[in-house]
Every structure is written in structure tokens, then in C-alpha cells.
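Just below is one structure, and these are the notes that go with it.
Here, residue 1 is the first one in the sequence, and each next residue gets the next number.
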Amino acid sequence: MFVLHNVTAIESQLNICLASSEFAPLAKTGGLADVNAALSAQLVKAGHDVRVLMPAYSDLKTDGCSIEPVTGLQDLQLAIGGWRFSYGIDVLTLPSGQLVHLLRCPAMFDRPGLYSQDTDEHLRFLVLSRAAIEWCQHTGFAPHIFHCHDWHTAMIPLYLKTVYAWDRLFENTRSVLTIHNIGYQGRFSRDILPDVDLGDAAHSLHQDDLERGEINFLKTGLLYADLLTTVSPTYAQEIQTDTYGMGLQDILQSRAGNLVGILNGVDYHEWNPETDPLIPANFSADDLSGKASCKLELMREMGLKPDPRLPLAGIVTRLVSQKGIDLMEQVLPRMLSGQRFGLAVLGSGEAKYERFFDELRRMFPDRVGFYRGYSNKLAHWIEAGSDMFLMPSAYEPCGLNQMYSLRYGTIPIVRATGGLADSVDMIDPELAEGTGILFEHYDANGLRWAVNTALDWYDNDLLWRQIMLNGMAQDFSWEHQTDEYVSLFRRLADL
């Protein structure tokens, strides 16, 4: 069983190959991209050799970056199943100086968006997985750790143990698979078996799945990765249960000794109210006056009536059922009718939830603002200007916004699940301890109680200010979280 120990000094360099479908700010749909960017940057800063590979999507966000083809890695060929692909590897330099390698394969990645419903979606990420391994071969790079993320690169551990087992370059390589959200598994028809291209090792796939006519990429990774990690300690326990395991709980229980939860970190270079260039006014725990200015500017920006005493709750989220929007539908209209508070909402997703917030805005135009879509600037404004932040998730592997909220003195209201339970401590009003409000059961009564409790405590200026300061003092920096990964990687690689 893996037990975490902090690493205080670098004893020797780790070689790490990180393969992923997302990397911020180049390609992002959620926290997966943020984790990859922050973790790899910290590993590089700590002196490790980290090689990152991601697809060269047609709509990469490359402002301020330079891209160059890598000499000797152009016009390469990849044979997989009955397919043959031409590809090249380019290197992109981020404004920070960090390098990210891009898999340029137009046949697979020159199309709108990161993901698709196309019939070759499985093949796109099999190409990424195989190309990541062959990139190491072409460059003679022997990774101690092959770090894979979610279903998109979850086949790499099996490929290393079968198709590429002959290559002594990988004889000391160990694979780590990080589960960011177990709800996304990469489930495909067994008709893709020829494309998986395992040859005589096809028996290594989950045979019961094959009999049911399915191949599950994430399940395959869970079976063959040398180490499994996920993005919070509580989520690591939850996904071993019938409630949260999404059908994979039995495998995770059997591998419990090789499953570790490490809470995601926060990039405080970007999310820091003292230095944030995007918000109307900077502020700190020593001088909170700027937060009041941020609140009034946010209200104006969202079309609300500026009122410094109106309790304002922020929401920045994907509008999907996982995020507790159905609970908000049951609770918020009646509460807004009977109580005095406001909402600043940023998000997009399912049409029915977008209509709900549109209607809420029409019902309460002076107190509810809704921006459909995503705006990085507005996300920062909501964190800085809100008094409280709503995250009533049905499940939340880690979550980042609750940790952003704490740093900005915005008190989170969350359900006690996953990383929310690991990063928010329930307020004790008698001792003025804690950092937020947690409710246990996923139902309307729980959310209603939590919001009412927040509104009651908001009227206690001394208590509210102390809870704000408690949250701002928390440290979820990547520097600490990276030490935990390094400790794991070292023991796995026997270094």
C-alpha cells in the first residue's frame, strides 16, 4: 500500500512522460487541463525532466506562444490496426518558458473542438497513446514514470506491458493513471477491437466486457497501471462504492492498495486577490476594502442593482446535472422570492439549465445576473466580488472553485463530497472556526438549509469577517501537492 511522505529535497532527477488530451491554456474543458499544466510546471521547477505530449487540435489557444517543428520528428508513420497515419511532433513554448510537445496528425485532430461524437473517436486517442510511446522511442527518452490521464491515454499501461514490452527502453518504466472524473470512461463497441491492435495480447482486455460487446478504455487502465491516483482523498474512497464507482468499484476495491487520492492544488500566481490583474481592485487579508469595490463592480457588470449590503452568491460552473443544478431549480426561485440575496452566475451546458437561469434572471432582474458561456475575466470577478459561492455537487472529484473562493474571502457553500469535503471545513460559529458551509445529503432540504445558514451568519459581521480570514489563510498550493506526487513516483520507480 502506498503511503505519502513529503519530499524535502530532490535526490535525483525523475524522467516523466505526461500524455493527456488537455493542457491549459492550450486546450481546456475542465480541471484536467489545469492540473496537467500546474503539476508539470512544478515538477519542472523541482528539477525533473518532464516531457508533455498532447494533440495539436485545430483550435489550440496559442496566443503568446511560439511553435517550432522538432527536427527529426517530422513525416513519421504510425501503423495501428489496419490504419497508417502520418504525423509530426512540434514543440510549443509557453510564455512561462515551459515546453509542451504537440502531436500534429491532421487526419485525427484537424476538426472542430477537442472531443467529438465521430465514429473514430476511439482511434483519435489510441493514436495519441501509441504516438506518445513511439515518441519516447524516437528520442531515446526512457521515462521512469509514464503519467496518463483519464480514459484518453488509459490504454498506455497495457501497451507498455504488451505491444512494447520487447523494448528495453521501458524496462524500468512504471505507469501512473490519474482519474480526474470516473464518469467519463471511453466505452466503445467491441467492433473497434482491430483498431486497438493488441495482436496476441487481445486476451488482456476485460473478457466479460468483450462478451457484452464493449471495450472500456478507463477500465483497462485501472487493470494495468502500476499506480492509480485520483484528485482527492475522499474521492478515492467514494469511487470504491456502488454509489460513486460508476460500475468500476469492484476493480478499484481490488486495487485499493495501489489507489491514492491527492487533492489538486491551486495556482496562486493566477488566483490571488493581492496581485490578480483581472479584478477591479486588489485586496488582502490585511485590507479587505478592495473586495467591497469588486462586489459593486461585479453587480454593475452583471446588470444588478449595486447594493453593498445585499448578500451575493456566485456560481461558476458547467450547467450539467452533476453540479447540483436540479437542486438549485428546486430551491432558488422560492428562496429569492422570500429572502433578500442575489446571484451572479457564469456557465453553459444543458439547454434546460441555461433556460432555468435565464428565467431566474427575468424574474429577479435587479438581483440575478446570468452570463451564458465562459469568460475568464468574469470568473475572476465572481470569485472576488461574491460573498459566498455555491457548489452543491452530486459528486465532485476535486473541484477548484471552492479553493479559489477561500483565497478570495468568498465563503463556499458545498455538499460534503469528494474534494469539496477535503478542502472546506464546516464553520463553528461559537469558536469562529472553519471556512465554509457543508451539507451532507443531496436533496433540496440540504441546500436550502445551507443557504439559509449562510444568510443568517452573513448578518453577523464579526463572524463573517473571521470566516473570510480563515479561508484566506488556507494553503492549497501546488508546491505542496507536487511533493506528494514526487514521493509516490520515487517509490514506484524505486529511486
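- Look at D197 and R130 and you find a salt bridge, because one of the NZ, NE, NH1 or NH2 atoms lies within 4.0 Å of a carboxylate O, short of that distance.
- Residues passing the salt bridge (charged side-chain N to carboxylate O under 4.0 Å, His left out) test with D49, sequence neighbours excluded: R51.
- Between S12 and R490 there is a side-chain heavy-atom pair separated by less than 4.5 Å.
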Stepwise, does the side-chain contact (heavy atoms from CB on, under 4.5 Å) test hold for F170 with I133? CA-CA 9 Å; F170 303 116; I133 297 172; 3.7 Å; yes

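- Judged by distance alone, with hydrogens and angles left aside, the side-chain atoms of Q74 form a donor-acceptor pair with the main-chain N or O of V70 at under 3.5 Å.
- The line from CG of D90 to CD of E68 is 8.5 Å long, rounded to the nearest 0.5 Å.
- Checking each of V316, I413, I315 against F389 for a side-chain contact (heavy atoms from CB on, under 4.5 Å) leaves exactly one that passes, namely V316.
- Taking the charged nitrogens against the carboxylate oxygens, D120 and R111 do have a contact shorter than 4.0 Å, which makes a salt bridge.
- No side-chain heavy atom of L223 sits under 4.5 Å from any side-chain heavy atom of L158.
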Verdict with supporting geometry, S129 and T153, side chain to side chain donor-acceptor pair (under 3.5 Å): CA-CA 5 Å; S129 299; T153 52; 5.5 Å; no

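- To the nearest 0.5 angstrom, Y115 atom OH is 4.0 Å from H152 atom NE2.
- Nearest approach of L126 to D195, heavy atoms of both residues: CD1-O, 3.7 Å.
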Give the intermediate values and the outcome of side-chain contact (heavy atoms from CB on, under 4.5 Å) for residues F283 and Y408. CA-CA 9 Å; F283 58 92; Y408 283 75; 4.1 Å; yes

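- Panel note: side chain T410, backbone E383; a donor-acceptor pair is recorded below 3.5 Å.
- If you take CZ on R407 and OG on S477, they are separated by 8.0 Å, rounding to the nearest 0.5 Å.
- Between the side chain of R124 and the backbone N or O of F109 there is no donor-acceptor pair closer than 3.5 Å.
- Between the side chain of H48 and the backbone N or O of L43 there is no donor-acceptor pair closer than 3.5 Å.
- A493 approaches I145 most closely through the heavy-atom pair CB-CD1, 4.5 Å.
- The shortest heavy-atom contact between V320 and E350 is CA-OE2, 3.6 Å.
- Side-chain atoms of Q249 come within 3.5 Å of backbone N or O of G247 as a donor-acceptor pair.
- With T241 contributing its side chain and E238 its backbone, the two residues share a donor-acceptor pair below 3.5 Å.
- In this structure, OG on S116 lies 3.5 Å from CD on E121, to the nearest 0.5 angstrom.
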Passes side-chain contact (heavy atoms from CB on, under 4.5 Å), M155 versus V196? Steps please. CA-CA 9 Å; M155 295 296 289; V196 177; 3.7 Å; yes

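- Using a 4.5 Å cut-off on side-chain heavy atoms (C-beta onward), L73 and H101 make no contact.
- Residues C136 and D167 are not in side-chain contact: their nearest non-hydrogen atoms beyond the backbone lie 4.5 Å or more apart.
- Looking at S175 and Y224, their side chains never come closer than 4.5 Å, going by heavy atoms from C-beta outward.
- Between H380 and W271, the ring planes are parallel. Angles under 30° get that label, and only those over 60° would be called perpendicular.
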Working note: Y87 + M108, criterion side-chain contact (heavy atoms from CB on, under 4.5 Å); need CA distance, chi angles, decisive distance, verdict. CA-CA 10 Å; Y87 72 98; M108 291 286 93; over 6 Å; no

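- Counting only heavy atoms from C-beta outward, the side chains of V414 and S393 never approach each other to under 4.5 Å.
- W151 has its ring centre less than 6.0 Å from the ring centre of F188.
- Aromatic rings from H122 and F217 are positioned such that their centres are separated by 6.0 Å or more.
- Separating the OH atom in Y268 from the CH2 atom in W478 is a distance of 12.0 Å, to the nearest 0.5 Å.
- Other residues, nucleotides and ligands contribute at most 12 non-hydrogen atoms within 6.0 Å of the CG atom of D494.
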Assess whether side chain to side chain donor-acceptor pair (under 3.5 Å) is satisfied between Q77 and S86, documenting all intermediate values. CA-CA 5 Å; Q77 299 295 312; S86 296; 2.9 Å; yes

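- No side-chain donor-acceptor contact under 3.5 Å links Q481 to the backbone of I262.
- With N36 contributing its side chain and E22 its backbone, the two residues share a donor-acceptor pair below 3.5 Å.
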What do the steps show when you test Y244 against Q237 for side chain to side chain donor-acceptor pair (under 3.5 Å), and what is the final call? CA-CA 9 Å; Y244 296 99; Q237 297 302 313; over 6 Å; no

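- One finds the CG atom of D425 at 10.0 Å from the CD1 atom of I467 (value rounded to the nearest 0.5 Å).
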Step by step, would you call T435 with Q474 a side chain to side chain donor-acceptor pair (under 3.5 Å)? CA-CA 9 Å; T435 58; Q474 301 300 301; 5.8 Å; no

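- Relative ring orientation between H147 and H149 is described as tilted, the plane-to-plane angle lying within the 30° to 60° band.
- The shortest side-chain heavy-atom distance between P194 and W83 does not fall under the 4.5 Å cut-off.
- When all heavy atoms of S423 and M403 are compared, the closest pair comes out as CB-CG, 3.9 Å.
- Here E270 pairs with nothing under the salt bridge (charged side-chain N to carboxylate O under 4.0 Å, His left out) rule; sequence neighbours left out.
- A donor-acceptor pair under 3.5 Å is absent between the side-chain atoms of R187 and the main chain of E214, judged by distance alone.
- Comment: K323 engages E396 in a salt bridge, judged by a side-chain N to carboxylate O separation of less than 4.0 angstrom.
- L227 approaches N258 most closely through the heavy-atom pair CD1-O, 3.4 Å.
- Of the possible donor and acceptor atoms, none in the side chain of D150 sits under 3.5 Å from a partner among the backbone N and O of I179.
- Closest of all the heavy-atom pairs between A131 and L78 is N-CD2, 4.3 Å.
- Tested against L102, the residues V52, L60, I89, V91 include a single side-chain contact (heavy atoms from CB on, under 4.5 Å) partner, L60.
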